[in-house]
Number of protein chains: 2
Amino acid sequence: MKPTQIVSRRRGDGKSLLTREAIVSAALELIRRDGLDGLSMRRVATALDTGAASLYAHIHDLDELLSLVLDSALSGVRIPRAREQWDKALEQIVLSYLRILFRHAGVARLAISTIATGPNSLRIMEAILQLLEQAGCSAEDAAWGTDLILHFAASTAAEQRARRANLLKEISKTLEEIDAALYPRVYALRRDLLSGGIDRFLWGLRAIVKGILGESGTVRKELTSVKHR
Amino acid sequence: MKPTQIVSRRRGDGKSLLTREAIVSAALELIRRDGLDGLSMRRVATALDTGAASLYAHIHDLDELLSLVLDSALSGVRIPRAREQWDKALEQIVLSYLRILFRHAGVARLAISTIATGPNSLRIMEAILQLLEQAGCSAEDAAWGTDLILHFAASTAAEQRARRANLLKEISKTLEEIDAALYPRVYALRRDLLSGGIDRFLWGLRAIVKGILGESGTVRKELTSVKHR
DNA sequence: ACCTGAACACCGTTCAAGT
DNA sequence: ACCTGAACACCGTTCAAGT
């Protein structure tokens with residue numbers, strides 16, 4: 001009877017079409033504004049003027065949405081073309097990764113708890129693997145090293161984020177009140193333990209990279225002997 | 001009239017007294033059995049034969065409970081007395097920490113997302129700070145280094161845990177299917193990226209420690225000049 | 001002081017039913 | 001094929017009321 005009316009119910013009214021991309025970008029917007037805890041299927045649905053059930057036509061479950069959101073955020077990570085100086089290039093990539101994680105609260109926590117396999121994660125891993133090999137790492141050490149570096153960056157970002165919130169005050173107050181006789185070093189270094197922004201990050205990155213290169217080759221043999229003790 | 005009956009409603013019937021300790025140990029038991037996602041106020045309450053509301057007389061909120069659970073688990077971390085060989089002692093402590101996190105699924109995830117300030121965390125930090133200073137670190141580097149080491153151990157444990165679940169199969173399948181032309185190194189190293197147990201952990205720990213010691217002193221000056229670029 | 005039941009404001013996910 | 005409302009089985013937390 002009225003065949004022209006049989007179209008997506010999303011057309012005609014003000015609503016835009018419901019797509020995977022629209023869902024992911026709404027979720028990213030939400031996570032950016034309210035943090036990871038502010039994200040829920042129901043809230044994403046509300047932001048898109050629909051019910052939570054509608055999302056399941058495009059996305060398998062919350063876990064999948066979170067993976068997609070992480071990779072979407074990582075699309076902003078810049079990888080330099082020229083790579084003559086592997087150490088400079090490595091720092092650029094990892095700083096860019098850090099900045100992205102830092103920009104959106106909550107995405108850092110996501111990066112920690114997920115073993116990422118999205119295209120942007122792969123892009124970043126590929127670049128770091130290449131640089132570590134260029135630096136003289138064995139392929140196997142580069143694999144573990146890449147993982148180590150990315151984990152370190154994600155942890156740093158997540159921790160910095162936690163500090164932003166009123167948490168920092170609370171924690172430093174707790175550290176201020178600990179028993180200085182029982183924990184003399186912790187007490188003496190209570191400020192250093194919480195200090196540091198980009199300086200601390202670069203310090204850690206360089207320590208890790210130096211360590212990876214230093215370990216390369218020599219240690220695997222040692223380890224096998226340790227194992228059999 | 002019947003003054004002898006006016007006692008805790010917890011007495012008389014089979015129920016044991018509701019205490020902070022009982023709540024924490026029930027929560028730890030739950031987390032050990034079902035993982036972090038299996039833990040909830042309501043489930044802890046049920047395990048103690050009561051309603052969720054009753055817990056709030058002893059514990060401020062879920063966050064506090066999680067902190068208490070983490071520290072309770074960390075009471076199992078052993079710290080050797082004799083410390084002539086700082087490197088051996090350090091590995092013993094960190095391996096003990098790792099083993100504890102590994103033993104109870106979910107506690108590792110907890111250790112990552114929390115900046116721990118419980119007595120057992122402090123105990124562990126104090127010991128590592130001491131060993132790093134003994135190794136020749138400056139106090140400030142020891143502070144950052146301790147944090148770095150503990151984070152690394154927690155990340156490792158959390159990731160290993162994630163692998164135990166059916167997640168590993170899924171991830172390695174995904175890596176098996178990626179575009180080898182686009183990501184040649186990731187593809188070539190797909191097994192190495194997921195491999196490794198205690199070997200990989202010791203490799204990383206030694207890399208980090210070597211890095212920390214190598215960075216000590218020289219780098220802070222560099223960093224200040226970098227900052228002003 | 002400690003414990004309780006009921007209520008409030010949320011969750012993720014499923015499913016039959018609509019277009 | 002896509003979208004929907006209602007339902008199911010959960011959450012953390014509060015609060016008046018009981019002992």
Side-chain angles (χ1 to χ4, degrees), chain A residues 1-24 26-27 30-31 33-69 106 109-110 113-114, chain B residues 1-24 26-27 30-31 33-69 106 109-110 113-114:
Chain A
M1 284 291 167
K2 310 181 207 163
T4 44
Q5 280 201 5
I6 305 178
V7 284
S8 163
R9 281 138 101 183
R10 279 308 197 140
R11 302 273 195 90
D13 46 11
K15 302 180 181 184
S16 57
L17 228 60
L18 203 57
T19 64
R20 215 162 208 264
E21 291 73 37
I23 293 169
V24 171
L30 228 62
I31 221 177
R33 227 188 32 214
D34 305 328
L36 194 54
D37 295 327
L39 184 69
S40 75
M41 286 284 160
R42 291 173 115 105
R43 282 231 258 263
V44 172
T46 305
L48 293 168
D49 248 320
T50 182
S54 304
L55 305 181
Y56 289 83
H58 302 91
I59 265 159
H60 184 255
D61 60 9
L62 180 61
D63 266 359
E64 195 195 16
L65 178 55
L66 291 177
S67 296
L68 292 171
V69 165
R109 263 171 71 196
L110 214 51
S113 53
T114 318
Chain B
M1 284 293 167
K2 310 180 205 164
T4 44
Q5 281 201 4
I6 304 179
V7 284
S8 163
R9 281 137 100 183
R10 279 311 198 134
R11 302 273 195 90
D13 46 12
K15 301 180 181 186
S16 58
L17 228 59
L18 202 56
T19 62
R20 215 163 209 263
E21 291 72 38
I23 293 169
V24 171
L30 227 61
I31 221 177
R33 227 188 33 215
D34 305 328
L36 194 53
D37 295 328
L39 183 69
S40 74
M41 286 283 162
R42 290 172 116 105
R43 282 231 257 261
V44 172
T46 304
L48 294 168
D49 247 319
T50 181
S54 305
L55 305 182
Y56 288 84
H58 303 90
I59 265 160
H60 183 255
D61 60 10
L62 180 62
D63 265 0
E64 195 195 17
L65 177 56
L66 292 177
S67 297
L68 292 171
V69 166
R109 262 170 73 196
L110 215 51
S113 53
T114 317

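Look at the C1' atom in both D/dA17 and C/dC2: the space between them is 13 Å, to the nearest Å. Only the C1' atoms considered, C/dC10 is 13 Å distant from D/dA9, to the nearest whole Å. The separation of D/dC11 from C/dC8, taken at their C1' atoms, amounts to 12 Å, rounded to a whole angstrom.
A straight line from CG of B/D49 to P of C/dG5 spans 11 Å, rounded to a whole angstrom. Straight-line distance from the CD1 atom of B/I23 to the C1' atom of C/dC3: 11 Å, rounded to whole Å. As rounded to whole Å, 13 Å separates atom C1' of D/dC3 from atom CG of A/L48. Computed from coordinates, the A/L18 CG to D/dT4 P distance equals 7 Å when rounded to whole Å. Computed from coordinates, the A/M41 CE to C/dC11 P distance equals 12 Å when rounded to whole Å. A straight line from CG of B/D34 to P of D/dC11 spans 11 Å, rounded to a whole angstrom.
Annotation: proximity of residues 53-64 of chain B to DNA chain C (heavy atom, distance under 4.0 Å) is found for B/A53, B/S54, B/H58, numbered in ascending order.
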#### Entry: Dot-bracket encoding of pairs in DNA chain D, which uses [ ] for pseudoknotted crossings and | for another strand, Watson-Crick or G-U under 3.5 angstrom
||.|||||...|||||.||
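The minimum heavy-atom distance between A/G106 and A/I31, with the atom names listed, is C-CD1, 4.4 Å. When all heavy atoms are compared, the tightest approach of A/A27 to A/L39 is O-CD1, 3.6 Å. In this structure, B/V44 and B/L30 approach most closely via the heavy-atom pair N-CD2, 3.9 Å.
A/L62 CG to A/S40 OG: the interatomic distance, rounded to the nearest 0.5 Å, is 8.5 Å.
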I'd like a table of atom pairs between the protein and nucleotides 7-10 of chain D - only N or O on both sides, under 3.5 Å - with the distance next to each one.
none

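With a 4.5 Å cut-off on side-chain heavy atoms, B/E64 and B/R20 count as touching. Using a 4.5 Å heavy-atom cutoff, the side chains of A/L68 and A/E21 are not in contact. In this structure, the side chains of A/L66 and A/L36 come closer than 4.5 Å at one or more pairs of heavy atoms. In this structure, A/T19 and A/V24 have side chains that are not in contact, with every pair of non-hydrogen atoms separated by 4.5 Å or more.
Screening B/I23, B/L65, B/T46 against B/M41 for a side-chain contact (heavy atoms from CB on, under 4.5 Å) leaves a single residue, B/L65.
Using a distance-only test at 3.5 Å, with no hydrogens or angles considered, a donor-acceptor pair links the side chain of A/R43 to the main chain of A/G38.
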